[in-house]
Structure formats: structure tokens, C-alpha cells
Amino acid sequence: METRNIFENLSCIDHRYSLSEAAVFEGLSRHISEQASVRSCAKCEAALVKAHLAIRGKLTDELAKTLDEVAANIDPEEVYKEEEKTQHNIRALVNVMKTKVPAEVAPLVHLGATSVDILDTALSMRMRDAVQQVVLPELKELEKALCTIAERECETPQVGRTHGQHAVPITFGWTIAEFVSRLGKSILRIEELSNQLKGKLAGPVGAYNGPSMIVSDPEDLEKRYLSYLGLEPSEYSNQLVEPEYLLRMLLECNVAFGIIANLADDLRNLQRSEIGEVFEYFSATQVGSSTMPQKRNPWNSEHVKSLWKAMAPRVMTFYMDQISEHQRDLTNSASQRFISDYITGFTMAVARMKKVVSGLQADKESMARTLAAAGGKVKGGVLAEPAYILLGEAGVNDGHEVIRKITLEAEQTGKTFFEVLKTHTEAFAKITAQLEKLGVKDAATFFENPARYRGLAAEKSKRLAQKYAALMQ
């Protein structure tokens with residue numbers, strides 16, 4: 001076979017990203033490359049022969065080993081050359097396999113099957129193996145790295161943000177715990193759905209017409225065939241396996257992709273010069289800009305979001321592949337081939353995000369400075385919420401308005417929220433008394449340090465980190 005320089009390939013997946021994410025590319029290539037596609041179909045054909053032989057009581061260990069070796073070593077180029085004559089990919093594979101297997105079993109190759117009994121079953125097998133052996137391990141490593149940060153930084157004070165504005169204090173661990181929880185649930189769902197992919201051996205319309213000419217129990221033959229591939233039959237098949245099994249798994253992958261893109265976006269923004277609360281690892285030889293030597297751009301996080309932008313819209317094609325007219329047409333034959341591109345782009349984004357997170361550091365001093373000055377034009381204004389709540393608990397009906405006026409006074413005078421609050425002695429006394437009822441130490445100075453108002457951020461961050469770290473084992 002002619003070897004092409006990778007820089008002559010058309011897809012960026014096959015040149016740029018095959019180099020930058022070499023381990024992921026090589027891992028996926030074993031399952032979803034074109035060679036893997038041809039050989040997975042050959043593996044299905046071998047499984048069918050084994051099922052026929054087993055029913056006849058003629059399957060030996062030696063024959064099974066021979067069939068597996070034939071399937072594992074089928075040359076895609078030979079199959080493609082045969083397809084030039086047949087103009088049919090599965091018939092081409094069948095013709096080639098018949099010349100490779102022992103003569104006495106050659107008549108059993110493809111016997112009783114239609115093309116999609118092989119194609120859909122092989123696709124399910126490839127997607128299951130790619131997801132379970134490559135995608136999920138990458139996702140779980142990313143999740144564990146997030147768990148490490150969430151637990152490590154569970155006590156690190158940070159200002160919370162809503163609408164891009166300072167809200168109330170949290171911890172950096174709580175910021176990351178959001179993604180621990182969201183991504184963790186999605187990973188578990190992908191794993192579950194990958195175990196639900198199905199195969200079939202039910203003939204051109206799914207009614208077992210062909211197999212019923214061979215055996216008295218066609219469903220038993222189907223189960224035997226699929227058992228050699230680690231699959232179960234679809235509850236109902238026409239010519240196709242019901243498309244929703246694969247669709248649901250791909251959609252959940254896209255859910256996870258969106259969560260990762262959201263994380264990338266948040267981390268990119270926290271690295272903005274005017275925020276500067278986190279930073280990615282930056283090597284000694286790394287260059288941030290071709291013209292500005294001082295730059296340290298968060299390009300890895302941007303790269304993850306960019307891959308999401310390229311891949312996420314492909315979900316529309318996954319939906320469109322649900323529809324096949326009059327039980328089956330060929331309108332999904334080309335579009336389904338691009339599932340491999342999607343899975344590859346997704347996994348490469350996961351791998352890149354894992355690198356970002358593994359080297360991510362919190363700038364605790366910057367976080368502390370931001371939190372101390374947080375509140376817009378009112379320094380310490382992020383503590384307006386607890387002041388108003390405590391007044392309400394003390395029975396003050398218009399506590400919100402009382403505190404709102406105090407924040408305006410602080411803005412006008414340039415004093416901190418705490419400084420102005422103390423001058424409103426009646427309100428301050430009621431607030432302090434409520435804090436003392438709650439058992440808060442040094443209640444009179446509570447509003448001096450915003451980091452003390454963090455709710456359950458630290459406790460829940462640690463709890464979620466430990467929960468999902470255990471689930472990823």
C-alpha cells in the first residue's frame with residue numbers, strides 16, 4: 001500500500017492533531033480508523049461462521065482461532081480493490097474472506113446475513129470499544145484531576161460571580177466542584193449507554209427470513225453470533241438496528257463536550273489580565289505571541305472551545321440518521337462515517353483539557369485581593385446579602401432597604417461597607433446579635449472579612465470531590 005506523507009492528508013485530525021494528541025489518535029485508530037472498520041466487519045463475519053459451526057457441533061478451538069486470525073489480518077486494500085468490481089463493500093469483504101478461511105467453512109461466510117447485520121453490529125462494537133477503552137479513560141482522568149483541585153482548593157477564598165459581576169464569596173474549590181458534579185454524572189451516563197449498544201442478525205427486513213431457512217430457532221443463532229462480539233440483540237430490528245441506542249450515547253458525549261467547553265471558557269476568563277485568578281502551565285520554551293514576547297495566552301482552553309464549536313453541530317447529523325425511509329435507505333451510509341471524526345475531536349478536546357487542568361494553579365493572592373475589594377463601587381459590598389438576611393431574622397421588615405441605603409452611603413463616602421454598617425448602631429447590634437445566636441465567633445468583626453461568608457462551599461466541594469473520585473475508579 002502506498003504511504004502518504006501525513007501533511008498531504010486533508011483532515012486536520014490526520015495531520016495536526018494526530019501529532020499533538022498522538023496517544024489519543026493511536027488509541028482511537030485501533031477502533032475507528034478505516035482499517036479498524038473493515039476488520040470489525042470481518043470480525044462479525046468470523047463470529048457468524050463460529051455461530052453456524054457451534055450450532056452444528058463442529059466449532060473447534062483451532063477453527064475459532066483461525067477465523068479470528070483471518071479477521072484480524074484482513075487487508076483493507078484488498079477489500080477496496082474487490083469493491084471496485086462488486087461496487088458493494090460487504091460483498092467485497094465476503095469475497096475476500098472466502099479465500100482466506102478454510103475451504104470447508106467458506107460457504108458459511110455471510111450465510112443468512114444481510115449487509116447491515118454486519119455493518120450495524122460492527123459499528124456498535126467499534127463505538128463501544130472506542131468509548132470504553134479510549135474515551136472513558138481520558139474522561140475519567142480529567143474528572144479525577146478536577147476532583148484533586150476541588151478538594152485541594154476547597155478552602156481557598158474567591159469571589160463568586162453572576163452576570164459577570166461580583167456576587168457573594170465562595171471558594172475556588174466550589175468553582176471547580178460545579179464541573180466535577182456535572183461532568184461526573186455525564187461520564188457515568190456515557191459508560192452506561194456504551195454498554196447498551198446492540199447488534200443484529202435478522203435479515204433484510206428484520207423478520208429472520210433468511211436465518212429461518214438455516215435453523216429452527218433464528219433468534220438463538222442471532223444470540224450466538226452476537227455473544228462472540230460481546231453484544232446483545234436489539235429488541236426490534238428492521239434492516240437496521242434501532243438507531244436510538246447509538247444516538248443516545250453520542251448525545252451524551254455531546255453533553256459532556258458542552259460541559260468541558262464551559263469549563264474551558266470559565267478558565268480562559270479567569271486568566272484575563274484584569275482578573276488573573278488562575279494560570280495554565282507555561283513551559284520555559286513556550287511562546288505566547290509572535291510579536292509580543294511577554295504574552296502568555298490561555299490558548300489550550302481556547303483550543304478546547306474551538307474543537308467544541310467544530311464538533312457540536314454534528315449532533316444534527318446524528319439526529320437526521322434516525323430517519324430511514326421504508327425500513328432502510330442508504331442516506332446514512334456516508335454521514336455515519338463522520339461519527340469517527342466526532343469521537344476523535346471530542347476525545348482530543350478531553351485530552352487537551354486534562355493537560356490544562358493537570359497544570360492549573362490558583363493565584364491565591366490575586367483571589368484574596370479581588371475578594372477583599374469585591375462589591376463594585378462598594379468595597380466589601382459582597383456582604384450586603386448576609387446583613388439584610390440577618391436583619392430579616394431579627395424581625396426588621398424592610399431590612400433589604402436598610403442595607404441598600406447603607407451601600408449607597410458607602411459608595412458616596414468611599415468608605416467600606418463594614419465601616420458604614422458599624423455607624424448604624426441599631427441595625428449593627430441586631431445583626432451582631434443574630435450572628436452570636438448562630439454561634440459565629442468574633443461576630444462583631446464578621447463583616448470585616450468577606451471570606452468568612454462562604455456557606456457550605458468548602459464542605460460540599462470536598463464531599464463532591466471525594467464522591468466522584470471514588471466513582472471514577
>> side chain to side chain contact (heavy atoms under 4.5 Å, CB included) for L250 and I343? Distances and angles first, verdict last.
In response: CA-CA 8 Å; L250 291 171; I343 291 292; 3.9 Å; yes
>> Regarding S227 and K223, do their side chains bring together a donor and an acceptor under 3.5 Å, going by distance alone?
In response: no
>> Let me confirm one number: the CE-OG distance from M320 to S335, rounded to the nearest 0.5 Å.
In response: 7.5 Å
> side-chain contact (heavy atoms from CB on, under 4.5 Å) with E365: which residues, sequence neighbours excluded?
Replying inline: D363, R369
>> Filter on ring pair (Phe, Tyr, Trp, His ring centres under 6.0 Å), then keep only pairs touching residues 448-470, sequence neighbours left out; what's left?
In response: none
>> What verdict does the side chain to side chain contact (heavy atoms under 4.5 Å, CB included) test give for R189 and M249, after you've listed the backbone C-alpha separation in whole Å, the side-chain angles of each residue and the deciding distance to 0.1 Å?
In response: CA-CA 8 Å; R189 183 63 175 148; M249 190 191 75; over 6 Å; no
>> Side chains of V241 and V116, heavy atoms from C-beta outward: is any pair under 4.5 Å?
In response: no
> Looking at side-chain heavy atoms only, is the closest gap between Q132 and E191 below 4.5 Å?
Replying inline: no
> If you take all heavy atoms of A384 and I403, which pair is closest and at what distance?
Replying inline: O-CG2, 3.6 Å
> Which pair of heavy atoms, one from L201 and one from P211, lies closest together, and at what distance?
Replying inline: O-CG, 4.1 Å
> Of the non-hydrogen atoms in T407 and V378, which two are nearest, and what is the gap between them?
Replying inline: O-CG2, 3.4 Å
>> Using side-chain heavy atoms (C-beta onward) and a distance below 4.5 Å, is L391 in contact with I431?
In response: yes
> When rounded to the nearest 0.5 angstrom, what distance separates CG in L188 from CG in L183?
Replying inline: 9.5 Å
> Quick one: does V350's side chain get under 4.5 Å of I260's, heavy atoms only?
Replying inline: yes
>> Can you see whether S366 engages E277 through a side-chain donor-acceptor pair at a distance of less than 3.5 angstrom?
In response: no
> Yes or no on salt bridge (Lys or Arg N to Asp or Glu O under 4.0 Å) for E155 and K462, after CA distance, side-chain angles and deciding distance?
Replying inline: CA-CA 9 Å; E155 301 272 356; K462 189 172 183 179; over 6 Å; no
>> Pair R268, E302 - check side chain to side chain contact (heavy atoms under 4.5 Å, CB included), show working.
In response: CA-CA 7 Å; R268 179 176 67 91; E302 292 171 332; 3.0 Å; yes
> Going by the ring pair (Phe, Tyr, Trp, His ring centres under 6.0 Å) test, which pairs reach into residues 344-394, not counting sequence neighbours?
Replying inline: F257-F346, Y388-H400
> Nearest 0.5 Å, what's the CD1-OG distance between I259 and S186?
Replying inline: 4.5 Å
> In Å and rounded to the nearest 0.5 Å, what is the SG to CD distance from C154 to E459?
Replying inline: 8.0 Å
> Would a 4.5 Å heavy-atom cut-off, applied to side chains only, mark I6 and S18 as touching?
Replying inline: yes
>> I'd like to know whether OH of Y236 has more than 12 heavy-atom contacts from other residues, nucleotides or ligands below 6.0 angstrom.
In response: yes
>> Salt bridge check, K65 against D68: does any charged N sit closer than 4.0 Å to a carboxylate O?
In response: no
>> Minimum heavy-atom separation for P137 and V131, please, with both atom names.
In response: CD-O, 4.0 Å
> Do E280 and S301 pass the side chain to side chain contact (heavy atoms under 4.5 Å, CB included) test, and can you show the C-alpha distance, the side-chain angles, and the key distance before you say yes or no?
Replying inline: CA-CA 9 Å; E280 295 178 13; S301 294; 2.7 Å; yes
>> Less than 4.5 Å apart, side chain to side chain, heavy atoms only: is that true for Q361 and V278?
In response: no
> For the residue pair Y228 and A47, what are the closest heavy atoms and their distance?
Replying inline: CD1-O, 3.6 Å
>> For I323, give me all partners under side-chain contact (heavy atoms from CB on, under 4.5 Å), at least two apart in sequence or on another chain.
In response: none
>> Show, in sequence, the C-alpha distance, side-chain angles and deciding distance for E436 and K441, and conclude whether the salt bridge (Lys or Arg N to Asp or Glu O under 4.0 Å) test is met.
In response: CA-CA 7 Å; E436 289 171 346; K441 294 180 180 180; over 6 Å; no
> Which pairs count as salt bridge (Lys or Arg N to Asp or Glu O under 4.0 Å) when at least one residue sits in residues 113-137, sequence neighbours excluded?
Replying inline: D117-K200
> With sequence neighbours excluded, what pairs up with K354 under the side-chain hydrogen bond (donor to acceptor under 3.5 Å, both in side chains) test?
Replying inline: E138
>> Salt bridge check, E143 against K140: does any charged N sit closer than 4.0 Å to a carboxylate O?
In response: no
> What heavy-atom pair brings M353 and V304 nearest, and what distance separates the two atoms?
Replying inline: N-CG2, 3.8 Å
>> Salt bridge or not between E393 and K437? Use side-chain N to carboxylate O under 4.0 Å.
In response: no
> Hey, is CG on N73 packed in by over 12 heavy atoms from elsewhere, all under 6.0 Å?
Replying inline: yes
>> Just to verify, what does E69 make a side-chain hydrogen bond (donor to acceptor under 3.5 Å, both in side chains) with, not counting sequence neighbours?
In response: none
>> salt bridge (Lys or Arg N to Asp or Glu O under 4.0 Å) for K364 and E153? Distances and angles first, verdict last.
In response: CA-CA 9 Å; K364 296 183 181 182; E153 307 292 348; 3.7 Å; yes
> How about T175 and Q158: does a side-chain donor come under 3.5 Å of a side-chain acceptor?
Replying inline: yes
> Is there side-chain contact between F447 and T416, with heavy atoms separated by less than 4.5 Å?
Replying inline: no
>> Looking at R248 and E252, is there a salt bridge between them, counting it only when a charged N and a carboxylate O are closer than 4.0 Å?
In response: no
>> Once side-chain contact (heavy atoms from CB on, under 4.5 Å) is applied, do any residues pair with E232, and if so which ones, sequence neighbours excluded?
In response: K198
>> Can you pull out every ring pair (Phe, Tyr, Trp, His ring centres under 6.0 Å) where at least one residue sits in residues 9-53? Sequence neighbours excluded, please.
In response: Y17-H303
> Hey, what do you get for CZ (F418) to CG (N449), rounding to the nearest 0.5 Å?
Replying inline: 10.5 Å
> Backbone N or O of E448 within a donor-acceptor pair of the T445 side chain at under 3.5 Å?
Replying inline: no
>> Can you list everything that forms a side-chain hydrogen bond (donor to acceptor under 3.5 Å, both in side chains) with D220? Sequence neighbours excluded, please.
In response: R224
>> Taking E141 first and then K144, would you say they form a salt bridge - that is, a charged N and a carboxylate O separated by under 4.0 Å?
In response: yes
> Say you draw a straight line from CZ of F428 to CG of L421; how long is it, rounded to the nearest 0.5 Å?
Replying inline: 6.0 Å
>> Going by side-chain contact (heavy atoms from CB on, under 4.5 Å), name the residues that satisfy it together with S306, two or more places apart in sequence or in a different chain.
In response: none
>> Under a plain distance cut-off of 3.5 Å, with no hydrogens placed, do N9 and R4 share a side-chain donor-acceptor pair?
In response: yes
> Do the non-hydrogen side-chain atoms of I32 and T344 ever get within less than 4.5 Å of each other?
Replying inline: yes
>> So that I can tick it off, tell me whether E178 and K460 are bridged by a salt bridge, with the cut-off set at under 4.0 angstrom between side-chain N and carboxylate O.
In response: no
>> My understanding is that only residues two or more places apart in sequence, or in another chain, count here; which of them pass side-chain hydrogen bond (donor to acceptor under 3.5 Å, both in side chains) with N254?
In response: Y342
